[in-house]
Amino acid sequence: MPHRLLIAFALATIVSCDSSRSESAEPRRPTFAESVGFNTHYRSTVDRKALELLAGIGVTQVRNDLAWNQIEKERGVYDFEGAGYDTFVEACEKLGLRILFVLDYGNSLYGENRAVVDGEGRRAFAAFAAAVAKRYGGRGHDWEIWNEPNVAKFWGSKEGGPDTVAYSELVKAVAPALRKADPEARIAAGALFFTFADSIETGGYGIAGPRFLKEVAATDALSLVDEVTLHLYRPDQPEGALEDIELAQQILKDAGHDVPVTSGEWGYSTYDPNVPPEGLAFLPPVSPERQASYYARMLLLNFANGLTRSIIYKNVDKRDPSPGHIEHHWGITTAKLDKKPSYDALKTALKMVGDAPVPERLDLASKEYQLRFKKPDGAHVIALWAEQKATWTLKAEAPTGDERVVGRDGDDITPEGLADGVEFTLESDQGPIYLVGKISVTRTK
């Protein structure tokens, strides 16, 4: 048997199962590492070394499609082994990786492909979901109902594109089937492409994420799920996502849904800006250094803002990539597993604060960020960065000689004079840095 997952997804609502503790015991708070994941695209061909690299730096989860039409090729017959998913699940479980399974993309046996638009299709999809949950449930994995149903590319039918009523009905059919087959299930809905709201609709790409969410939230579908996932792609710095997160939270609150928002897919591509772009280049490219900074900042700030899931798109670049194709360069490694700076940046973040719960956010100037983590051993670590070049005074409080400053990529960059206070300048793409020990940060004017 494969090694079963030992670390359950630690949400703030989960209490200790230690019978010696009272029912009123304070819930265990999730750790930073428990929030971090990557999109993968594996089935029969699994890059085990790539998965080992993720697990080796402390990543705890992956998000992977579980395509209906690959498993049910004959009505009522579910071939998980032949489709290759057993191989994938075994590989993840041996490494202690949880899986967020994305149940998606229709089946031509039941009418429309890339959509589920009638009662027969919903019943069949719910039966498929139940079969999946029976096979892989109870092992710490989670379920997500469809991918980007507000985008025509991922939900399209002869009658038209995305349909909030059809998606709501699908959630209402599928969530109870998952729950019955896997009572421990954590179920996500949404997976909405949430940004570029105006461009999505004016360009004919689908329904804007906020409008789609508002219409689905007006039904009772979201009362059946545990979280709503958003895809927060953006052309600029990751800190701007907070406005989108707050908008989604407000939509849910206004509709009376007490459902947390999480980040289910988001990335920055390092495709070459000096060649003609290929495909739909919906985001500008970033340098490898900027990708490293953005990924670490994205994950840290999401966690500080209460998001218990943040998934980067994706772990490795495409094999034999085209230099100017946005879809070929999202990874933290190349297809040959050569490490980009973003690999070291995430390795450092997970090493420095992976076992720490949600940090205290300390005030600095606008667009400057100071997150104070208190680790289980009592150690203090501050993650520090800014959206632009910034200069601070760093000073060891009651110095012991053990205080240090660790760079974004894990190098020791401790400046001389910490005990007396020393000016420290950081460019945007050089952050975050980590202050180990009790070190104060004062903005230098």
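Not measured: the values here are computed from a predicted model. Computed from heavy atoms alone, side chains included, the values below leave out hydrogens, waters and symmetry copies.
A salt bridge is defined here as a Lys NZ or Arg NE, NH1 or NH2 lying under 4.0 Å from an Asp or Glu carboxylate O, and Glu90 with Lys94 meets this definition. Salt-bridge formation is detected for the pair Glu93/Arg139: a Lys NZ or Arg NE/NH1/NH2 atom is positioned less than 4.0 Å from an Asp or Glu carboxylate oxygen. Under the 4.0 Å criterion applied to side-chain N and carboxylate O atoms, Arg211 and Glu201 are assigned as salt-bridge partners. A salt bridge is absent between Lys318 and Glu327; no separation between the charged side-chain nitrogens and carboxylate oxygens falls under 4.0 Å. A salt bridge is absent between Lys367 and Glu239; no separation between the charged side-chain nitrogens and carboxylate oxygens falls under 4.0 Å. Comment: Lys336 does not engage Asp317 in a salt bridge, judged by the lack of any side-chain N to carboxylate O separation of less than 4.0 angstrom. Between Arg408 and Glu289 there is a salt bridge, with a side-chain nitrogen of the basic residue lying less than 4.0 Å from a carboxylate oxygen of the acidic one. The residues Asp86 and Arg135 are annotated as salt-bridged, a charged nitrogen and a carboxylate oxygen being separated by less than 4.0 angstrom. Note on Arg179 versus Asp226: salt bridge recorded, some NZ/NE/NH1/NH2 to OD/OE distance being below 4.0 Å. Ionic pairing of Lys339 and Asp344 is not present here: no N-O contact between side-chain nitrogen and carboxylate oxygen is shorter than 4.0 angstrom.
Using cut-offs of 30° and 60° for the angle between ring planes, the Trp266 and Tyr268 rings count as tilted. Taking the six-membered ring for Trp and thresholds of 30 and 60 degrees, Phe282 and Phe196 have ring planes more than 60 degrees apart, a perpendicular arrangement.
By the 4.5 Å heavy-atom criterion applied to side chains, Asn147 and Glu265 are counted as neighbours. No side-chain heavy atom of Val316 sits under 4.5 Å from any side-chain heavy atom of Ile332. In this structure the side chain of Thr262 never reaches within 4.5 angstrom of the side chain of Leu230, judged on heavy atoms. Taking the side chain as every heavy atom from C-beta outward, Trp155 and Glu148 never approach each other to under 4.5 Å.
Thr442 OG1 to Glu423 CD: the interatomic distance, rounded to the nearest 0.5 Å, is 11.0 Å. Atom CG of Leu232 is separated from atom CG of Leu307 by 8.0 Å, given to the nearest 0.5 angstrom. Here the CG-CD distance, from Asp79 to Glu72, works out to 11.0 Å after rounding to the nearest 0.5 Å. Taken from CG in Asp236 to CD in Glu387, the straight-line distance is 8.5 Å, to the nearest 0.5 Å. With values rounded to the nearest 0.5 angstrom, Leu362 atom CG is found 6.0 Å from Ile382 atom CD1. The distance from the NZ atom of Lys395 to the CG atom of Leu418 is 10.0 Å, given to the nearest 0.5 Å.
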*Chi angles and distances behind the side chain to side chain contact (heavy atoms under 4.5 Å, CB included) call for Ser269, Val286*: CA-CA 6 Å; Ser269 176; Val286 297; over 6 Å; no
_ring pair (Phe, Tyr, Trp, His ring centres under 6.0 Å) between Phe101 and His141, worked out_ = CA-CA 7 Å; Phe101 287 109; His141 305 306; 5.7 Å; yes
_Verdict with supporting geometry, Ile326 and Leu283, side chain to side chain contact (heavy atoms under 4.5 Å, CB included)_ = CA-CA 8 Å; Ile326 186 174; Leu283 293 178; 4.0 Å; yes
*CA sep, side-chain torsions, deciding dist, call: Asp355, Thr31, side chain to side chain donor-acceptor pair (under 3.5 Å)*: CA-CA 5 Å; Asp355 59 349; Thr31 67; over 6 Å; no
*asked:* Assess the residue pair Glu403 and Lys438 against the criterion (salt bridge (Lys or Arg N to Asp or Glu O under 4.0 Å)); give the C-alpha distance rounded to whole Å, side-chain angles, the decisive distance to 0.1 Å, and a yes or no.
replied: CA-CA 7 Å; Glu403 296 82 9; Lys438 293 186 177 181; over 6 Å; no
*Under the salt bridge (Lys or Arg N to Asp or Glu O under 4.0 Å) criterion, do Asp244 and Arg234 qualify, and how do the steps go?*
CA-CA 10 Å; Asp244 292 311; Arg234 54 205 332 96; 2.8 Å; yes
*Kindly determine whether Gln61 and Val36 satisfy side chain to side chain contact (heavy atoms under 4.5 Å, CB included), including the steps that lead there.*
CA-CA 7 Å; Gln61 61 181 304; Val36 176; over 6 Å; no
*Criterion salt bridge (Lys or Arg N to Asp or Glu O under 4.0 Å) on Lys134 and Asp182, from CA distance to verdict*: CA-CA 7 Å; Lys134 288 177 183 177; Asp182 180 12; over 6 Å; no
_side chain to side chain contact (heavy atoms under 4.5 Å, CB included), that's the test. Do Thr391 and Arg443 meet it? Break it down for me._
CA-CA 7 Å; Thr391 300; Arg443 190 167 187 266; over 6 Å; no
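Under a cut-off of 6.0 angstrom, the local environment of CD in Glu360 is crowded, with over 12 non-hydrogen atoms contributed by other residues, nucleotides or ligands. The 12-atom threshold is exceeded at NZ of Lys340, counting heavy atoms of other residues, nucleotides or ligands nearer than 6.0 Å. Within a 6.0 Å radius of CG in Asp338, more than 12 heavy atoms belonging to other residues, nucleotides or ligands are found. Counting heavy-atom neighbours within 6.0 Å of Asp412 CG, excluding the residue itself, gives a total above 12. Counting heavy atoms of neighbouring residues, nucleotides and ligands inside a 6.0 Å radius, atom CD of Glu397 exceeds 12 of them.
The minimum heavy-atom distance linking Leu192 with Gly209 is given by the pair CD1-O, 3.9 Å. Taking each heavy atom of Arg186 and Pro260 in turn, the nearest pair found is NH2-CG, 3.8 Å. Listed here is the closest heavy atom pair of Leu97 and Val59: CD2-O, 3.3 Å. The minimum heavy-atom distance linking Ala255 with Ala217 is given by the pair CB-O, 3.5 Å. The minimum heavy-atom distance between Val225 and Ala175, with the atom names listed, is CG1-CB, 4.5 Å. Closest heavy-atom contact between Thr60 and Ala33: OG1-O, 2.9 Å.
Ring to ring, Phe128 and Phe125 are close: their centroids are under 6.0 angstrom apart. Aromatic rings of Tyr136 and Phe80 (six-membered ring for Trp) have centroids within the 6.0 Å cut-off, being under it. Under the 6.0 Å cut-off for aromatic ring centres, Trp146 and Tyr167 do not qualify, their centroids lying 6.0 Å or more apart. Ring centers of Phe373 and His380: at least 6.0 Å apart, outside the cut-off.
Within the structure, ring pair (Phe, Tyr, Trp, His ring centres under 6.0 Å) contacts touching residues 38-62 (residues at least two apart or in different chains) are His41-Tyr313. Every pair passing ring pair (Phe, Tyr, Trp, His ring centres under 6.0 Å) that includes a residue from residues 385-420 is listed here, sequence neighbours excluded: Tyr369-Trp385.
Scored by the salt bridge (Lys or Arg N to Asp or Glu O under 4.0 Å) test, Lys314 finds no partners at all (sequence neighbours excluded). Lys389 meets the salt bridge (Lys or Arg N to Asp or Glu O under 4.0 Å) test with Glu427; sequence neighbours excluded. Applying the salt bridge (Lys or Arg N to Asp or Glu O under 4.0 Å) test to Glu144 and every residue at least two apart in sequence or in another chain returns Arg63. Applying the salt bridge (Lys or Arg N to Asp or Glu O under 4.0 Å) test to Asp47 and every residue at least two apart in sequence or in another chain returns nothing.
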